[in-house]
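In what follows, a structure is listed as structure tokens, so that the remarks can point back to it.
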Amino acid sequence: MKYNRKPEGTTSLQKRKLKTKPLILLIGILLAFNIFWLVGWLIPDKPKQTDEEVASVAGKPITREQWMSAMEKEVGRETLLDLVNEKVMAVAAEQYGIDVSDKEVDLEIALIRSVDGRSHSGQDEEGMRKKIRSNLILEKVLTKDIVVKDNAVKKQYDENTALYNILTAYRTAIIVVPTKADAEQTIEELSKGSSFDVLAKERSTDLASASLGGDIGYINDSTDSIDKAIVETVADANEGMTSGVIALSDGTYAVTHVSEVVKGQSFKFKEVKDHIKREIALEQLPQTVSPEAFWKEFDAKWFYGK
């Protein structure tokens with residue numbers, strides 16, 4: 001994927017967002033896959049007759065065939081496209097002798113997490129790693145014949161060292177409620193053993209995170225898309241810690257839970273040299289290229305035709 005440059009004067013955070021944007025966009029596809037998988041998992045394990053009634057309204061049935069057809073139209077095409085592209089890139093890696101190490105995937109995840117930790121919300125870690133690995137293969141295939149001088153790579157690193165100093169990140173879930181009394185009642189129920197995930201789905205007025213059990217992904221000291229009171233509360237929190245009542249700037253209240261803490265780290269030049277070289281090479285491409293461009297080469301076919 002091609003990275004575009006901002007005009008001079010762009011902040012370090014904006015530059016980092018720009019450099020990791022292609023991977024962030026691809027991660028969004030994983031959410032559709034997770035939804036499709038979850039719905040499939042919830043389907044009762046019994047003979048699946050197409051005329052079986054799965055629901056009814058005013059005595060009028062909704063059949064299994066109607067249900068499955070609706071699911072396929074909603075997320076089926078995107079899910080299958082994702083699977084085909086992953087397979088195409090796996091074949092491309094074998095064909096061109098390209099390898100992607102776990103360490104390279106870890107680096108990309110760290111960079112994404114530091115810029116847009118909310119992109120992790122509701123995401124399956126294993127699925128995300130597969131998608132990132134597939135995208136790295138694509139980038140390596142596209143840039144394998146592009147020559148980038150070492151001094152250009154070092155220059156970019158020296159000018160953007162802040163991009164590779166990753167802050168400590170906190171995997172956070174929230175429950176947002178209208179009043180302080182609601183927040184206090186929520187804390188009381190949590191102390192008695194109620195599930196944070198369930199209470200978030202039942203009570204939280206933050207609809208985007210409520211459907212994910214309150215999960216808002218990873219946040220750090222530079223996160224500006226979350227109320228500052230939440231960011232300050234989770235700073236220096238330990239794994240498994242649930243907060244007290246947090247007053248938010250819009251007059252509502254929140255309770256937070258930190259499920260994971262990822263310590264900050266700084267990447268040295270030798271650790272990110274290949275990453276930077278690939279970014280510079282991608283900028284030299286005349287246009288963006290998707291995995292679909294390789295379908296013909298590797299004889300990829302699918303249910304939806306051409």
Side-chain angles (χ1 to χ4, degrees), residues 24 27-45 54-55 67 71 74-75 79 109 112-114 116-131 168-220 223 225-263:
I24 295 174
I27 289 174
I29 300 174
L30 287 172
L31 184 57
F33 175 80
N34 288 339
I35 294 172
F36 189 73
W37 176 87
L38 178 60
V39 172
W41 179 75
L42 291 173
I43 298 175
D45 186 16
V54 294
W67 178 30
M71 284 196 299
E74 186 68 24
V75 297
T79 300
I109 290 178
I112 294 169
R113 185 191 295 127
S114 69
D116 186 14
R118 296 203 71 171
S119 65
H120 287 252
S121 58
Q123 298 297 332
D124 170 69
E125 187 73 15
E126 182 179 354
M128 183 184 299
R129 293 184 70 86
K130 288 181 179 179
K131 175 54 60 180
T168 296
Y170 304 85
R171 186 68 180 260
T172 306
I174 60 174
I175 298 175
V176 179
V177 290
T179 69
K180 183 177 182 181
D182 290 329
E184 290 173 340
Q185 181 180 355
T186 298
I187 292 173
E188 181 179 355
E189 292 190 28
L190 289 170
S191 67
K192 293 179 179 179
S194 293
S195 166
F196 196 100
D197 178 278
V198 172
L199 288 181
K201 292 176 179 177
E202 291 178 347
R203 299 184 177 182
S204 183
T205 59
D206 183 65
L207 300 182
S209 63
S211 62
L212 302 173
D215 184 22
I216 58 174
Y218 295 90
I219 64 178
N220 57 43
T223 302
S225 60
I226 302 294
D227 193 293
K228 201 63 179 177
I230 292 177
V231 175
E232 293 174 350
T233 297
V234 303
D236 299 323
N238 296 319
E239 290 186 2
M241 181 178 292
T242 300
S243 74
V245 176
I246 305 171
L248 305 182
S249 59
D250 63 357
T252 60
Y253 295 82
V255 179
T256 66
H257 178 76
V258 174
S259 59
E260 181 186 6
V261 177
V262 181
K263 294 298 183 182

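These numbers come from the heavy atoms of this one structure, side chains and all, not from hydrogens, waters or symmetry mates.
- Contacts classified as salt bridge (charged side-chain N to carboxylate O under 4.0 Å, His left out) and involving residues 185-201 (residues at least two apart or in different chains) are given here: Glu188-Lys192, Glu189-Arg203, Asp197-Lys201.
- Contact detail for Thr223 and Ile219: the closest heavy-atom pair is OG1-CA, 3.4 Å.
- Looking at residues two or more places apart in sequence or on another chain, you find no side chain to side chain contact (heavy atoms under 4.5 Å, CB included) involving Ser211.
- Nearest heavy-atom pair, Glu260 versus Tyr218, reported as atom, atom and distance to 0.1 Å: OE1-OH, 2.6 Å.
- Pairs engaging residues 228-251 under the salt bridge (charged side-chain N to carboxylate O under 4.0 Å, His left out) rule: none recorded [sequence neighbours left out].
- Checked against side chain to side chain contact (heavy atoms under 4.5 Å, CB included), Ser243 has the following partners two or more places apart in sequence or in another chain: Thr233, Ile246, Val255, Thr256.
- The CG atom of Asp206 lies 9.0 Å from the OG1 atom of Thr252; values are rounded to the nearest 0.5 Å.
- Taking all atoms of both residues into account, the shortest heavy-atom contact from Gly214 to Ala200 is N-CB, 3.6 Å.
- The closest side-chain heavy-atom distance from Val261 to Thr168 is below 4.5 Å.
- Summarising the geometry of Asn220 relative to Ala169, their closest heavy-atom pair is CB-CA, 4.4 Å, with the distance given to 0.1 Å.
- Among Thr186, Val177, Ile175, Leu212, the one residue that satisfies the side chain to side chain contact (heavy atoms under 4.5 Å, CB included) test with Ser204 is Ile175.
- Applying the ring-ring contact (aromatic ring centres under 6.0 Å, His included) rule to Phe196 yields the partners His257; only residues at least two apart in sequence or on another chain are considered.
- For the atom pair CD1 (Ile226) and OG1 (Thr172), the distance works out to 8.5 Å, reported to the nearest 0.5 Å.
- Side-chain contact between Glu184 and Val245 is present, with heavy atoms from C-beta onward closer than 4.5 Å.
- Note that the CD1 atom of Ile230 and the CD1 atom of Ile174 stand 4.5 Å from one another [nearest 0.5 Å].
- The shortest non-hydrogen separation linking Tyr253 to Ala183 is CB-CB, 4.0 Å.
- Under the side-chain hydrogen bond (donor to acceptor under 3.5 Å, both in side chains) criterion, Thr179 pairs with Asp182, sequence neighbours left out.
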